[in-house]
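First up is the structure itself, then whatever we jot down about it.
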Amino acid sequence: MARFLVRRLFSIFISIIGATLVIFILTRLGPDPIDLYLGDSQVEVTEEFIEMLRAELGLDKSLPEQYGIWVWNIAQLDMGYSIGTQRLVKDIIAIHIGTTLKLAAGAWIFAVSVGVSVGVLAAVKRATVWDYIGRIFALFGQATPQFWTGVMAILIFAVILGWFPAGTLGRQEGNFFLWKNLQHWILPWIVLGWPAAAGIMRLTRSSMLEILDSEYIKLGRAKGVSPQKIIWKHALRNALIPPLTSSLVLLADYLNGALVIEIIFSLPGIGTVALNQAVYDNDWPLLAGTVFCFIGIYVSFAFLADILYAIIDPRIRYG
Amino acid sequence: MSQLGQIEKDLLGIKDYRPGISHLYEGWRFFRRYPIIPVTVLALLVFFALAANILAEHDPRSGGIRDRHIPPAWTEEGTTNHLLGTDHSGRDVFSRMLYGARISLVVAAIALFSGGTIGTALGIFSGYYGGIIDEVITRAVDIWQALPFLMVALVCVLLFEQSLTLLLFLMVALAWVPFVRVIRSVTLVIKNEPYVDLARVAGASTVRVLLRHILPGVINTAVVISTLSVGSLIMAEAALSFLGAGVPSPTPTWGSMVADGRSYLATAWWPTVFPGLAIFMVVMSLNFTGDWLRDRLDPRLRQLAD
């Protein structure tokens with residue numbers, strides 16, 4: 001296990017280095033970084049000021065040196081100051097990351113609970129109405145763009161039916177699990193979790209079908225174990241391995257979606273910050289900070305999934 | 001798909017299908033075997049995209065503010081002049097969707113072709129040569145997958161200004177990834193086939209072995225991956241346009257139409273609903289056709305996809 005961990009950690013390290021390198025190279029392929037800092041400011045800037053700024057930002061050093069300093073600072077969570085607000089990027093992210101994580105966690109719970117239960121139902125009641133409902137659920141989930149399902153959810157459930165408030169978190173006071181706080185989250189969770197739920201449902205269905213066909217289930221049946229016990233105790237526990245482990249990776253993949261969902265539902269997470277404050281204001285340090293936040297979350301989820309998989313299925317460790 | 005015996009099904013209480021819905025089941029089977037509906041939808045899409053300038057009765061880029069938010073033709077206040085109504089600045093929704101189909105198709109096709117070529121080539125190299133080349137290529141794929149695509153796209157828009165070229169670059173960057181791993185594993189199998197060894201013994205050059213003996217063996221797989229991934233590419237293009245990172249306005253795209261219409265949702269639903277429905281139908285049809293092609297051309301991929 002230790003060797004496996006070391007190997008995985010090493011490859012994650014490579015991934016992070018590679019990702020930072022890609023971002024760094026991108027910034028140097030673009031316009032002069034100093035222009036990014038000056039933005040479209042209307043004020044005349046003198047040559048001396050630009051030179052001073054260049055020295056202050058470390059842009060007068062060689063490229064490898066700049067990269068080294070940059071990565072080192074990021075590793076210490078020092079991502080500089082936001083240009084637009086002159087606040088520490090670190091602080092801005094710290095304020096907003098909670099919203100993004102809550103959104104992701106809720107979507108994950110939705111995806112796993114719905115995906116697994118619909119998957120089991122579709123497998124056990126194969127080729128009945130339940131199976132088709134499950135498949136249609138999966139088909140819709142995988143073929144609708146999230147930005148559109150989000151807008152449609154607002155139109156139907158907030159504007160027309162009025163069941164949920166449309167967008168924004170309102171004033172979140174008191175316990176998070178109070179209905180008046182929770183109701184703002186339900187639609188975003190469902191919309192973000194749906195495609196992942198569809199993937200989990202398909203995985204659960206196929207692994208459940210495979211296991212229902214295996215020798216030990218047949219033996220159990222021959223010995224007269226009741227169908228309920230076979231499904232819930234013997235089959236489901238083994239069938240859950242693939243969907244549960246891949247649910248983490250799926251979640252990481254759908255973090256991309258979190259950006260879109262936050263914008264549609266006006267949730268103040270890091271995705272909204274990235275688009276509304278960073279891109280529209282050309283706030284380069286802030287954008288870099290949010291990008292690394294996303295990379296960090298993705299990589300740690302992938303790592304968690306690996307460990308989980310290795311614990312559950314020992315063959316992986318020695319693979 | 002598992003094969004349960006009848007006795008086991010009875011024991012488990014699994015019924016194949018109830019008599020009442022058997023025609024539903026048969027219908028499903030029929031459409032899985034012959035994907036008529038999805039292929040029709042896709043053919044219509046291509047037709048609409050090609051004939052956009054003939055079919056569109058209105059200028060997709062401009063409209064009169066007097067004509068704003070005219071509802072679709074079948075509603076009470078609708079006019080047959082604007083089949084699917086008009087948007088917030090009086091532009092005809094149907095005409096815009098026709099031109100939007102063009103953008104979606106062109107972008108997806110270019111991305112798929114270039115990305116597929118790059119991905120397939122890298123996959124073959126990786127599988128055939130192994131060693132350090134293999135290591136570097138697989139690592140590159142890992143790194144690429146750790147990058148949050150939409151965020152990187154936003155970074156690029158900030159750095160390079162929004163343009164069609166940038167969009168194409170981003171889409172190619174997205175498209176090559178799924179090819180590498182699968183093509184690599186297929187290549188690993190093929191390169192140990194006796195005919196490849198024989199070709200080498202007979203004195204065929206590496207280029208010849210790769211092009212004449214390996215490539216034909218992986219091409220089916222590449223075609224299948226293409227059809228399976230084109231749907232997600234169209235969705236990615238739409239998401240980029242939605243975020244304002246796609247083709248610059250006023251060129252209509254389905255994603256930007258949804259983004260524009262969003263602010264007027266309470267008063268006018270049609271500029272938002274129809275482009276989204278179009279994306280949904282196209283992606284769904286592509287997924288169906290992709291599954292069908294996979295089962296026909298390369299059933300081995302079934303495990304990878306499910």
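A note on names: the letters A, B, ... follow the listed sequences, proteins ahead of strands, and every chain is numbered from 1. Reckoned from all heavy atoms, side chains included, excluding hydrogens, waters and symmetry mates. On a predicted model such as this, the values are computed, not experimentally measured, just so you know.
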Which donor-acceptor pairs under 3.5 Å do the side chains of residues 270-278 of chain B make with protein atoms, sequence neighbours left out?
| from | atom 1 | to | atom 2 | distance (Å) |
| --- | --- | --- | --- | --- |
| B:Trp270 | NE1 | B:Ile70 | O | 3.0 |
| B:Trp270 | NE1 | B:Thr86 | O | 2.9 |
| B:Thr272 | OG1 | B:Gly261 | O | 3.3 |

Measure B:Phe242 against the heavy atoms of chain A and call it side chain, backbone, both or neither at under 4.5 Å.
->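 When you check distances to chain A, only side chain atoms of B:Phe242 fall under 4.5 Å.
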
Against chain A, label B:Val258 side chain, backbone, both or neither, depending on which of its atoms sit under 4.5 Å from a heavy atom there.
-> side chain

Might you point out which heavy atoms bring [X] and [Y] nearest each other, and give the distance in Å?
| X | Y | value |
| --- | --- | --- |
| A:Ser15 | B:Ile143 | CA-CG1, 3.8 Å |
| B:Arg139 | A:Ser11 | NH1-CB, 3.3 Å |
| A:Gln142 | B:Asn287 | O-ND2, 4.0 Å |
| A:Leu26 | B:Cys156 | CD1-SG, 3.8 Å |

Above 12 or not: heavy atoms from other molecules or residues under 6.0 Å from [atom1] of [X]?
| X | atom1 | result |
| --- | --- | --- |
| A:Phe303 | CZ | yes |
| A:Tyr216 | OH | yes |
| B:Phe169 | CZ | no |
| A:Leu161 | CG | yes |

Could you check which of [options] has the highest count of heavy-atom pairs closer than 4.5 Å to chain A?
| options | value |
| --- | --- |
| B:Ile234, B:Ile279, B:Val152 | B:Ile279 |
| B:Met281, B:Met151, B:Arg262, B:Gln145 | B:Met151 |
| B:Gly231, B:Ser232, B:Ala238 | B:Ala238 |

Select, from A:Thr149, A:Val299, A:Leu259, A:Asp131, the one with the greatest count of heavy-atom pairs under 4.5 Å involving chain B.
->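 The candidate making the most pairs under 4.5 Å is A:Leu259.
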
Answer key: most heavy-atom pairs under 4.5 Å with chain B among A:Ser226, A:Ala19, A:Ala274 is A:Ala19

side-chain contact (heavy atoms from CB on, under 4.5 Å) assessment of A:Val291 paired with B:Val155 | CA-CA 8 Å; A:Val291 171; B:Val155 171; 3.6 Å; yes

dist A:Leu287:CG -> B:Leu158:CG (nearest 0.5 Å) comes out at 6.0 Å

Does the side-chain contact (heavy atoms from CB on, under 4.5 Å) test come out yes or no for B:Phe288 and A:Leu139, once each step is laid out?
-> CA-CA 9 Å; B:Phe288 263 113; A:Leu139 278 174; 3.8 Å; yes

Starting from the C-alpha separation in whole Å, work towards a yes-or-no answer on side-chain contact (heavy atoms from CB on, under 4.5 Å) for A:Ile160 and B:Trp269.
-> CA-CA 11 Å; A:Ile160 297 178; B:Trp269 50 269; over 6 Å; no

Please report the C-alpha distance between B:Trp144 and A:Val22 in whole Å, then the side-chain angles of each, then the deciding distance to 0.1 Å, and finally whether the side-chain contact (heavy atoms from CB on, under 4.5 Å) criterion is met.
-> CA-CA 9 Å; B:Trp144 214 248; A:Val22 170; 4.0 Å; yes

